[in-house]
Structures are given as C-alpha cells and as structure tokens.
> 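Below: one structure in structure tokens.
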Amino acid sequence: MNGSIRVGNLFGIPFYINVSWFIVLALMTLSYGGSLAAQFPQLGLGLPFLLGLIAALLLFASVLAHELGHSVVAIKQGINVKSISLFLFGGLASLDQEAKTPAGAFWIAIAGPLVSLFLFVGLTLMGSYLPLAAPLTALINLLAYVNLALAIFNLIPGLPLDGGNILKALIWKITGNQFKGIVFASRVGQGFGWLAILLGFLPLFAGGSINFWTILIGWFLLSNAGILAKDATLRNQLSQFTAEDALADNNSIVPQEISLRTFVNDYIIGKTATRQFLVTNEAGELVGQISGDDLKTIPTSQWPLIQVQTVMQPVEFSTTVDAKQPLLDVVTVLEQQQLNELPVVRNGVLVGLIEKASIRRLLEQRLQANPA
Ligand SMILES: [Zn+2]
C-alpha cells in the first residue's frame, strides 16, 4: 500500500503501518487524554495523555489481534499471508490466494470478529471484577467497547468487510460459483457505502454539519466494493473459457521449411500488425520465432533461396500453455510473468498464440452476444 512503512514481522508475517495511522494515533491520544484529564482532575496534566497514548496503542493492538485471527485460520488452510497492515480505517491481512472452499472462506472471515468478541468479553469481565484504580477501569471499559464496535462494524454483510466475506461464502456455497458470491457481496457492500454517505450528509438537512468520518467510510466501502465486483465479474467470464477459446488468429504459425519469399508474401504483406511469428517443424513442434525485422539484413534477391529455419531466432518463451488450461489460469500467468503473449500447445503440437488482446476480443464478442 502507498505510504506504508514496514515495521518488522509478526509471527513471520511482514507488518506494515500506513503513515495515516500516526495521525489517528495522535488524534486519539489527544482526545482520550483530554477526556481523562477532565474526568479525573486528580491525575494532573501529563498522566492522562500518557494513558491516552497507551489506550490508543492498545486499541491498535486490538485491531492487530483481529487481523491475526484471520491470518492464523488462513495459514492453517495452507494460505500464505503476504502482510498485515494498519491504516486509517483499521487493519488488513493480505492473503496471497483465496480460500479453496466456501467453508474455508467462511472461517477465515469470521475468525477476526470472533477474536474481537472474545476480547470484548474478556475485557468486560476484567473491568467488572478486577479491583483497579478508576482511570484504569475506565480504560479497560473503553477497550472492551472498542472491540465490540470492531466486531459489529466488521460483521456488516457487504464486501470488503468481514461480513461481506461471510455473505460471499454463503452465496458461493449455494450457487457453487465463487465469483457470483463476490459480485453479490460487493453489490451489497456498495449499497452500504451509499447508505453511509447518505447518513453522513443527512445532518445537513436538519441544520447540522456533515459527518465527515461517516462519509469517508462510505466512500471507502463504495470504491473498494466496486473494484472487487468488477474484478470478480471479469474472472467469472474468464472462468467459462479455456486457452484455445482465446487463440489469436492462426496466421502466427510459420512452417520452418518455407522460403523467406513465401513467408513475406503470405504472412507479412497486407497484414496489419508486425509482430513475432512462431516457427514449427514438420511435427508441429515449436522450434523458433521470426519477425519481419529478422529479414532486414538479407537482400530481397536471396529470399526465395533461404528457408525460414535459417533465419529464425531461438524461442524466448519459457512457458507454454495447454489448450485445455482454464483461461483464468492463463491470465494469472500473463500477469505474474508480465507477458503479452504465450504459445498454446495441444499434445505437444503448437496450435497458436494467446495474447492479451485476443483474450480482450473474446470477452468483448461474448458481451455483445449476450449483454448482461
Ligand atoms: Zn476482519
């Protein structure tokens, strides 16, 4: 995340703090310290703000415990936790992949709120039964309340909140389609986002001033849920295809034994984009690649006499894709390796190239065929 500082590891998970967090820390220290100073004048001036700072730090420890709850359950399912970050709106445990089953997703999602509820109960009992000085009891009760609020807020059933992930798991279980779950829970999340924005502006009509914080949270929900919905819609479309559905036109494969003259006549002249062509042997296996540029140093008079295999370059692709491989996996490979194209192979025989552009064309055609 932008503006985040790595502060170390927590149980082997990289731990980041966003700069916005320090602003919140300072504001909380001042506001809680100020209220303690007013409530307990006997504490003097410095002590309330020290307690305020401790309260603010414990509050973030509560957020951290919540995120660790998600993380521990994810790790138990064999999912790697990339990082835990604290930022303006709380915390985020970033997983490197989604749960494999709806039940798995459910348990990861609910683990955080369960930790918060557990802390709420524990702190409430401490506040009620431990014989502590009044300011300390006030601090413990505040923390108990914060953990309860954390659990309830996160259980709002719209993505990107935990409750949204629980809803996603439920829809996933019912429909058998993970992406439908995400899209549905994101739409609900967008709904809550709009609701929060509306509630934030509402006091304006009663002669009051807008609630900036509520609007900010609403905007946060709205934009994040929107991104999730868009991404899941795309992945849902991709999941219905295999690699061979999105092949670029077959003219990208050139037999090694044809002459350069034939290659230029049949593959380059009159064709739009100049790009790499894949060269195959008689068995149809990928043996090299060639582009129009490779011919520049060879006199035109020589073209009918030289075969493609003499001029072709070694293949740069380290990865090939099987024709039956799900398109979603292909897109993941393209993104991870930052490639624009990949050769597609069926039973060892090259069948064509898959390109980012050809995938985009496939999806556009499909959208035109049956508009959502
Ligand atoms: Zn959570």
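For clarity, every value in this text was computed on a predicted model and none was experimentally measured.
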> Where the side chain of Gln256 meets the backbone of Val279, is there a donor-acceptor pair that is under 3.5 Å apart?
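Absent.
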
> Nearest 0.5 Å, what's the CG-CG distance between Asn165 and Leu170?
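So the CG of Asn165 and the CG of Leu170 are separated by 12.5 Å.
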
> Ring centroids only, cut at 6.0 angstrom: are Tyr145 and Phe120 within range, meaning strictly under it?
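No: the rings miss the under 6.0 Å criterion.
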
> So for atom CG, which belongs to Asn347, do other residues, nucleotides or ligands contribute more than 12 heavy atoms lying within a distance under 6.0 Å?
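Counting other residues, nucleotides and ligands, CG of Asn347 stays at 12 neighbours or fewer.
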
> Roughly how far, to the nearest 0.5 Å, is CD of Gln289 from OG1 of Thr280?
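The OG1 atom of Thr280 sits 13.0 Å away from the CD atom of Gln289.
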
> Are Leu195 and Phe192 close enough that some pair of their side-chain heavy atoms sits under 4.5 Å apart?
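Touching, per the 4.5 Å side-chain cut-off.
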
> Let me confirm one number: the CG-CG distance from Leu221 to Leu159, rounded to the nearest 0.5 Å.
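It comes to 10.0 Å.
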
> Quick one: are Val146 and Leu123 in side-chain contact, heavy atoms under 4.5 Å?
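Of all side-chain heavy-atom pairs linking Leu123 with Val146, none is under 4.5 Å.
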
> If you draw a 6.0 Å radius around CH2 in Trp21, do more than 12 non-hydrogen atoms from other residues or ligands fall strictly inside?
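Yes, because the 6.0 Å sphere around CH2 of Trp21 holds more than 12 heavy atoms from other groups.
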
> Let's go through Thr175 and Asn177 carefully: what are the C-alpha distance in whole Å and the side-chain angles of both, what is the deciding distance for side chain to side chain donor-acceptor pair (under 3.5 Å) to 0.1 Å, and is it a yes or a no?
CA-CA 5 Å; Thr175 62; Asn177 184 327; 5.6 Å; no

> With side chains defined as the heavy atoms from C-beta onward, is the minimum distance between Val7 and Tyr16 less than 4.5 Å?
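Sidechains of Tyr16 and Val7: no contact.
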
> If you count the non-hydrogen atoms of other residues, nucleotides and ligands that lie under 6.0 Å from NZ in Lys356, is the total more than 12?
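For Lys356, atom NZ is crowded (more than 12 foreign heavy atoms under 6.0 Å).
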
> Main chain of Ile306, side chain of Thr310: is a donor-acceptor contact present, judged purely on distance under 3.5 Å?
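No; judged by distance alone, with no hydrogens or angles, the pair does not exist.
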
> Determine, for Glu98 against Arg235, whether the closest basic-nitrogen to carboxylate-oxygen distance falls under 4.0 angstrom.
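Judged by the 4.0 Å cut-off on N to carboxylate O distance, Glu98 and Arg235 do form a salt bridge.
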
> Considering only heavy atoms from C-beta outward, does the side chain of Lys324 approach that of Arg346 to under 4.5 Å?
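Heavy-atom side-chain distance check fails, nothing below 4.5 Å.
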
> Considering only heavy atoms from C-beta outward, does the side chain of Gln307 approach that of Ser259 to under 4.5 Å?
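When only atoms from C-beta onward are counted, Ser259 and Gln307 do not touch, as no gap falls below 4.5 Å.
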
> Take His70 and Asp162 through the test side chain to side chain donor-acceptor pair (under 3.5 Å) and record every step on the way to the result.
CA-CA 10 Å; His70 292 303; Asp162 297 334; 3.1 Å; yes

> Contact between Leu202 and Asn211 at the side-chain level, heavy atoms closer than 4.5 Å - yes or no?
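Not touching, per the 4.5 Å side-chain cut-off.
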
> Is it the case that atom NZ in Lys76 sees more than 12 heavy atoms from other parts of the structure closer than 6.0 Å?
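Result for NZ/Lys76: open.
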
> Rounded to the nearest 0.5 Å, what's the gap from CG on Leu167 to CG on Leu161? Could you check?
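Between atom CG of Leu167 and atom CG of Leu161 there are 11.5 Å.
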
> For atom CZ of Phe184, decide whether the heavy atoms of other residues, nucleotides or ligands shown that lie under 6.0 angstrom number more than 12.
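Atom CZ in Phe184 is not crowded, with 12 or fewer foreign heavy atoms closer than 6.0 Å.
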
> Determine whether Glu285 and Asn281 satisfy the following criterion, side chain to side chain donor-acceptor pair (under 3.5 Å), listing intermediate values before the conclusion.
CA-CA 6 Å; Glu285 292 157 350; Asn281 60 17; 3.1 Å; yes

> Any side-chain to backbone donor/acceptor pair from Gln77 onto Ala74? Under 3.5 Å, distance only.
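No, because the side chain of Gln77 does not come within donor-acceptor range (under 3.5 Å) of the backbone of Ala74.
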
> Drop me the distance from Leu295's CG to Gln302's CD, to the nearest 0.5 angstrom.
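CD of Gln302 is found 11.5 Å from CG of Leu295.
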
> Test Phe263 against Phe277 for ring-ring contact (aromatic ring centres under 6.0 Å, His included), laying out the working first.
CA-CA 10 Å; Phe263 168 57; Phe277 294 86; 5.3 Å; yes

